[in-house]
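All of these numbers come straight from a predicted model, not from anything done at the bench. Because only heavy atoms are used, hydrogens play no part in the values below, and waters and symmetry mates are left out as well, while side chains stay in. Numbering of residues begins at 1 and proceeds along the displayed sequence.
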Amino acid sequence: MTQTQNVDTPRGLALAITAYLLWGFLPLYMKVLSHISPVEVVAHRIVWSVPVAGILLIALGRTRDLRAALRNPRMLGMACVTAALISVNWAIYVWAITTGHALDAALGYYINPLFSIALAALILGERLSRIQVIAIALAAAGVAVLVLEAGKLPWAALSLTVSWGFYALFKRSLPIGPNQGFLLEVLILTPFALAFLLWQSAQGLGSFGVTTQDTVLLAGAGVVTAVPLLFYANGAKLVRLSTMGILQYIAPTMIFITAITLFGEEIDRGRLIAFPMIWAALVIYSVPMLRQMRRA
């Protein structure tokens, strides 16, 4: 069964749910690296993702598409855009988790589906239903509450929302398979990541090789980065878009619970008002999808 059949396959559901569960547990891994600079962590995520994604591509026998993409200037240009967006998203995410702003990360990924709807309407010309307009307006009101209470924009949450939203938008236009596309992105980023790590090592500032624990964790950052993305990319082809829309709440919910139960982050008055508003917006947004899934 393929994506063109527009059905939820058991394999697709298993892949998608696994991806979101792994993303939900990711803050626990990143928190252990909180004594290392977010830029260094992201650089290692990039570098160590290459062998993971490369081995998978070789095992699947799909390296020909990657070689063709590397010789295609237009595709390389598009991949540079998506690579830049995903690196920015990773950097903000690592910073948020390691500096006590995991709730902002959860907020960003809660808002993301509603932002994607608005983006599709503004850029792709998709028509919004009345329910979608209400959901977006309610989420925007929730963000406004946070701004009024804190006196500043929740920039970490909004940056995660915007960077991932545009990444997903441009990723749809990248004419290459998900596994090949991910490897292409990290290959584009690898020279910059290696240059930073070599400079840092020359300055005596790097954490890699200093202790066994840090070395293993930084090398493992490639696995915890590549594996969920590959699960997600392949699962998305085998389930309906509406199903992915529902499943994507798994990760931010796990991040939210982890932030308040394990990381000890507090829910101030602004968040106490804003989070329920955004949850309500997501319920309003999800009801039509659930009805569609039941009819199917």
Side-chain angles (χ1 to χ4, degrees), residues 22-23 26-58 63 66-67 69-73 75-102 104-105 108 155-160 162-164 166-167 170-171 174 179-230:
L22 290 173
W23 275 326
L26 186 58
L28 299 175
Y29 193 96
M30 292 299 158
K31 196 70 171 179
V32 181
L33 295 170
S34 59
H35 59 289
I36 301 174
S37 76
V39 178
E40 183 178 358
V41 173
V42 171
H44 280 285
R45 291 185 74 175
I46 293 166
V47 170
W48 294 104
S49 289
V50 173
V52 176
I55 290 170
L56 176 63
L57 214 59
I58 292 170
T63 56
L66 180 64
R67 292 196 298 270
L70 289 170
R71 294 192 295 267
N72 186 323
M75 195 178 300
L76 273 176
M78 294 171 66
C80 284
V81 174
T82 58
L85 287 167
I86 195 62
S87 64
V88 169
N89 185 270
W90 286 348
I92 297 168
Y93 174 84
V94 172
W95 175 86
I97 298 298
T98 58
T99 58
H101 294 83
D104 286 331
W155 72 267
L158 294 179
S159 298
L160 286 171
V162 172
S163 59
W164 184 264
F166 276 104
Y167 172 75
F170 292 130
K171 185 79 168 178
L174 193 63
N179 301 318
Q180 299 95 315
F182 175 70
L183 181 54
L184 180 59
E185 288 166 354
V186 290
L187 283 174
I188 289 170
L189 294 170
T190 294
F192 303 100
L194 281 176
F196 171 78
L197 292 175
L198 289 172
W199 171 83
Q200 194 178 47
S201 179
Q203 301 295 315
L205 302 174
S207 300
F208 190 80
V210 176
T211 68
T212 301
Q213 176 176 301
D214 286 349
T215 301
V216 171
L217 288 172
L218 287 171
V223 176
V224 301
T225 296
V227 171
L229 271 172
L230 293 171

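Cys80 and Ile188 get closest at one heavy-atom pair: N-CD1, 3.8 Å. Asp214 and Ser207 get closest at one heavy-atom pair: CB-O, 4.0 Å. Leu205 approaches Glu40 most closely through the heavy-atom pair O-OE1, 4.2 Å. Contact between Ser163 and Val88 at its shortest, heavy atoms only, is CB-CG1, 4.4 Å. Taking each heavy atom of Ala91 and Val42 in turn, the nearest pair found is CA-CG2, 3.5 Å. What you find for Ala221 and Tyr29 is that their closest heavy atoms are N-OH, 3.6 Å.
For the pair Thr215 and Val210, the minimum side-chain heavy-atom distance is 4.5 Å or more. Taking the side chain as every heavy atom from C-beta outward, Leu28 and Val32 never approach each other to under 4.5 Å. A 4.5 Å side-chain heavy-atom check between Leu85 and Val81 finds at least one atom pair inside the cut-off. Considering only heavy atoms from C-beta on, Pro27 comes within 4.5 Å of Tyr93 through its side chain. Side-chain atoms of Ile46 and Trp90, non-hydrogen and from C-beta on, do get closer than 4.5 Å to each other. Annotation: side chain of Val224 is not in contact with side chain of Leu22 (no heavy-atom distance under 4.5 Å).
Summarising the geometry, atom CD1 belonging to Ile55 is positioned 11.0 Å from atom CG belonging to Leu57; distances are rounded to the nearest 0.5 Å. Between atom CG of residue Leu218 and atom NE2 of residue His44 there is a gap of 4.5 Å, rounded to the nearest 0.5 Å. Separation of atoms CG (Leu183) and CG (Leu66) is listed at 5.0 Å; rounding is to 0.5 Å. Summarising the geometry, atom CG belonging to Leu217 is positioned 11.0 Å from atom CZ belonging to Phe208; distances are rounded to the nearest 0.5 Å. Asn179 contributes atom CG, which lies 10.5 Å from atom CG of Leu229 (distance to the nearest 0.5 angstrom). The CD atom of Glu185 sits 3.5 Å away from the OG1 atom of Thr82 when rounded to the nearest 0.5 Å.
Ser159 places no side-chain N or O within donor-acceptor distance of the main-chain N or O of Ala156, the cut-off being under 3.5 Å. Judged by distance alone, the side chain of Thr98 and the main-chain N or O of Ser34 form no donor-acceptor pair under 3.5 Å. Panel note: side chain Ser49, backbone Arg45; a donor-acceptor pair is recorded below 3.5 Å.
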Give the C-alpha distance, both sets of side-chain angles, the deciding distance and a yes or no for side-chain contact (heavy atoms from CB on, under 4.5 Å) between Gln180 and Leu184. CA-CA 6 Å; Gln180 299 95 315; Leu184 180 59; over 6 Å; no
side-chain contact (heavy atoms from CB on, under 4.5 Å), that's the test. Do His101 and Trp95 meet it? Break it down for me. CA-CA 8 Å; His101 294 83; Trp95 175 86; 3.7 Å; yes
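Trp164 has its ring centre less than 6.0 Å from the ring centre of Tyr167.
For Trp23, the CH2 atom sits in a packed shell: over 12 heavy atoms of surrounding residues, nucleotides or ligands are nearer than 6.0 Å.
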